[in-house]
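It should be emphasised that the depicted structure is a prediction, and the values quoted were computed from it without experimental measurement.
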Amino acid sequence: MAALEIPPSFDPWDQAFVADPYPAYEELRARGRVHYYEPTDQWLVPHHADVSALLRDRRLGRTYQHRFTHEDFGRTAPPPEHEPFHVLNDHGMLDLEPPDHTRIRRLVSKAFTPRTVERLKPYVDQLAGELVERLVAAGGGDLLSDVAEPLPVAVIAEMLGIPESDRAPLRPWSADICGMYELNPSEETAAKAVRASVEFTEYLTELIEARRKEPGDDLISGLIAAHDEGDRLTEQEMISTCVLLLNAGHEATVNATVNGWWALFRNPGQLAALRADHGLIPRAVEELMRYDTPLQLFERWVLDEIEIDGTTIPRGAEVAMLFGSANHDPAVFAAPGDLDLTRADNPHISFSAGIHYCIGAPLARIELAASMGALLAKAPTLDLAEEPSRKPNFVIRGLESLRVQV
């Protein structure tokens with residue numbers, strides 16, 4: 001069966017599409033279950049059932065280098081000048097497959113058990129309250145830079161044991177590295193990612209050495225101790241794991257916060273219902289993650305040939321699972337284009353699934369609920385100050401800023 005035609009409305013470099021990709025996803029779903037997209041040499045999968053199944057399918061992987069060389073797999077090795085980024089990225093557990101993935105995730109997961117995360121809740125609640133109080137005292141500001149960013153960055157930095165005085169470059173480093181996750185990144189984007197990778201690696205190398213001499217009650221010290229006890233975590237794996245935890249530990253939370261509040265401002269009836277009943281917060285967090293998904297696309301390599309709806313996808317191909325489309329699939333969600341904070345059955349896949357399910361999902365939920373609760377309680381008249389502009393990115397979906405007034 002031939003690949004189905006891509007509707008012209010699907011254009012990740014068109015700002016009208018980036019502003020609202022959901023109508024294009026609807027067209028994609030209507031045209032079929034899998035589509036070859038020539039500009040990125042990827043197979044797009046837009047339906048919830050297929051995305052959910054493929055995330056759990058071991059014939060696909062985040063890497064292929066545990067089984068194949070670049071040549072064997074029919075792929076070209078990255079250019080040598082990009083090596084610092086790929087060394088950093090390829091040794092993090094998100095881009096590893098078993099057994100390395102299993103070994104690293106087992107170590108890191110000890111810091112993200114429900115009990116451990118629950119112990120962080122008072123700290124998260126207090127910090128969210130302080131940030132919102134400052135916003136209120138100023139009569140408003142940028143919800144992104146004043147609340148959405150500093151909360152998760154501080155929490156994950158605290159967990160890792162990064163001193164407060166060292167935290168300023170963390171967000172810029174993260175933003176530059178995450179630029180490489182967009183489709184067909186430019187050479188300028190790659191150069192920024194390489195520079196950030198080098199600087200971040202140098203910083204963490206020094207911090208790890210300091211923690212070896214003086215261990216603390218933090219995740220880096222814990223990983224060093226596990227390594228010394230024979231759990232075989234290499235220095236590079238430790239560095240890559242810390243960078244991954246910082247990037248993944250705040251990027252989605254920041255964007256979910258501002259995407260969510262922008263959605264609430266555009267749906268005043270739902271915002272009024274939330275203000276009237278703060279008990280809706282847990283469901284509101286899930287619905288806002290579904291409604292405007294912070295990570296729109298997740299890629300996997302085809303390690304062994306698969307078939308979707310009669311279309312054979314060969315080994316060596318890349319599959320792009322469209323999370324944003326899957327979260328708006330009417331086969332799973334009633335009236336998916338409506339924001340419904342009372343939605344009870346909400347199996348969104350914003351945190352992925354399978355072995356790469358987001359290890360920090362419980363923490364992200366606590367952070368999102370904390371900032372939402374603080375804003376509802378301390379800024380009950382919060383309103384939009386000006387129309388926000390979207391970041392030009394497609395894969396990682398967010399706003400440039402969200403100016404609000406109290």
Side-chain angles (χ1 to χ4, degrees), residues 55-56 58 61-63 65-66 86-121 123-124 151-163 166-167 170 173-174 177-178 181 197 200-201 203-205 207-212 215-254 295 298 350-368:
L55 287 170
R56 297 169 170 85
R58 301 306 304 134
R62 282 290 292 173
T63 182
Q65 294 184 71
H66 61 308
H86 288 287
V87 167
L88 184 64
N89 184 71
D90 296 354
H91 286 83
M93 61 184 168
L94 183 60
D95 281 79
L96 290 171
E97 292 296 311
D100 290 330
H101 171 273
T102 311
R103 171 174 52 85
I104 297 172
R105 187 170 176 119
R106 185 180 66 246
L107 287 171
V108 176
S109 64
K110 293 172 186 174
F112 290 92
T113 63
R115 183 180 296 177
T116 308
V117 170
E118 194 59 35
R119 283 206 298 268
L120 282 169
K121 193 172 182 302
Y123 170 72
V124 175
L151 177 63
V153 171
V155 171
I156 198 68
E158 194 75 18
M159 288 180 75
L160 287 169
I162 296 174
D166 293 354
R167 293 175 189 176
L170 297 180
W173 281 338
S174 175
I177 289 169
C178 288
Y181 305 138
S197 299
F200 211 160
T201 296
Y203 170 73
L204 285 169
T205 301
L207 184 63
I208 288 167
E209 188 55 37
R211 288 289 177 275
R212 282 193 197 285
D217 183 20
D218 55 68
L219 184 50
I220 289 177
S221 298
L223 291 174
I224 291 169
H227 174 67
D228 292 344
E229 288 164 12
D231 259 323
R232 297 174 294 109
L233 199 67
T234 68
E235 179 101 347
Q236 184 58 59
E237 286 171 344
M238 204 179 300
I239 291 167
S240 296
T241 295
C242 291
V243 171
L244 172 65
L245 290 174
L246 185 100
N247 291 353
H250 80 275
E251 197 70 44
T253 309
V254 170
L295 181 68
F298 194 65
S350 301
F351 290 120
S352 191
I355 68 165
H356 291 292
Y357 179 79
C358 177
I359 199 169
L363 179 59
R365 287 184 165 111
I366 282 175
E367 291 169 346
L368 290 165

For residues 243-254, dump all side-chain donor-acceptor pairs below 3.5 Å to protein atoms at least two apart in sequence or in another chain.
{"from": "N247", "atom 1": "OD1", "to": "S174", "atom 2": "OG", "distance (Å)": "3.0"}
{"from": "H250", "atom 1": "ND1", "to": "L246", "atom 2": "O", "distance (Å)": "2.6"}
{"from": "H250", "atom 1": "NE2", "to": "R171", "atom 2": "NH1", "distance (Å)": "2.9"}
{"from": "E251", "atom 1": "OE1", "to": "R171", "atom 2": "NH1", "distance (Å)": "3.1"}
{"from": "E251", "atom 1": "OE1", "to": "S174", "atom 2": "OG", "distance (Å)": "3.3"}
{"from": "E251", "atom 1": "OE2", "to": "R171", "atom 2": "NH1", "distance (Å)": "3.3"}

Exercise for the section: Go through L94 and H356 one step at a time and tell me if the side chain to side chain contact (heavy atoms under 4.5 Å, CB included) criterion holds. Expected result: CA-CA 6 Å; L94 183 60; H356 291 292; 4.1 Å; yes
Practice task
Taking salt bridge (charged side-chain N to carboxylate O under 4.0 Å, His left out) as the test, write out the residues that go with R167, two or more places apart.
Solution key: E158
Practice task
Mark yes or no for whether S240, through its side chain, and L88, through its backbone, hold a donor-acceptor pair below 3.5 Å.
Solution key: yes
Handout entry: Main-chain N/O of S197 paired with T201 side-chain donor or acceptor, under 3.5 Å
Key = yes
Problem - Nearest-0.5 Å distance that lies between atom CG in L207 and atom CG in L160 - result: 8.5 Å
Handout entry: Contact check, side chains of L233 and R103, non-hydrogen atoms, under 4.5 Å
Key = yes
Completion exercise
In short, S352 meets F298 closest at the heavy-atom pair OG-CE2, 4.1 Å
Practice task
Among M238, H91, E237, find the residue that satisfies the side-chain contact (heavy atoms from CB on, under 4.5 Å) test when tested with I104.
Solution key: E237
Problem - Y203 and W173 aromatic ring geometry - parallel, tilted or perpendicular at 30°/60° bounds - result: tilted
Handout entry: Y181 side chain reached by N89 side chain, heavy atoms, under 4.5 Å
Key = yes
Exercise for the section: Please round to the nearest 0.5 Å and tell me the distance separating atom CD1 of I162 and atom CD1 of I220. Expected result: 5.5 Å
Practice task
Enter the distance from I208:CD1 to I239:CD1 here, rounded to the nearest 0.5 Å.
Solution key: 4.5 Å
Problem - Contact summary for Y123 and A154, nearest pair of heavy atoms - result: OH-O, 3.9 Å
Practice task
Please identify each residue that fulfils salt bridge (charged side-chain N to carboxylate O under 4.0 Å, His left out) with R62, with sequence neighbours left out.
Solution key: D95
Fill in the blank from the handout: Residues R58 and P98: closest non-hydrogen pair is NH2-CD, 3.3 Å
Practice task
State, to 0.1 Å, how close R211 and G161 come at their nearest heavy-atom pair, and which atoms those are.
Solution key: NH2-O, 2.5 Å
Problem - Distance (rounded to the nearest 0.5 Å) between K121 NZ and L363 CG - result: 12.0 Å
Exercise for the section: Let me see the working for D100 and H66 under side chain to side chain contact (heavy atoms under 4.5 Å, CB included), right down to the final yes or no. Expected result: CA-CA 9 Å; D100 290 330; H66 61 308; over 6 Å; no
Practice task
Mind listing the closest non-hydrogen atom pair of I224 and R212 along with its distance?
Solution key: CG2-NH1, 3.6 Å
Exercise for the section: Go through L107 and L223 one step at a time and tell me if the side chain to side chain contact (heavy atoms under 4.5 Å, CB included) criterion holds. Expected result: CA-CA 7 Å; L107 287 171; L223 291 174; 4.3 Å; yes
Exercise for the section: Write down the atom of S221, the atom of G216, and the distance for their closest heavy-atom approach. Expected result: OG-N, 2.8 Å
Practice task
Before giving the answer on side chain to side chain contact (heavy atoms under 4.5 Å, CB included), spell out for V108 and R105 the whole-Å C-alpha distance, their side-chain angles and the decisive distance to 0.1 Å.
Solution key: CA-CA 5 Å; V108 176; R105 187 170 176 119; 5.8 Å; no
Practice task
Nearest 0.5 Å please: distance from the NE2 atom of H101 over to the CD1 atom of I355.
Solution key: 4.5 Å
Fill in the blank from the handout: So CG of L170 and CZ of F200: to nearest 0.5 Å the spacing works out to 5.0 Å
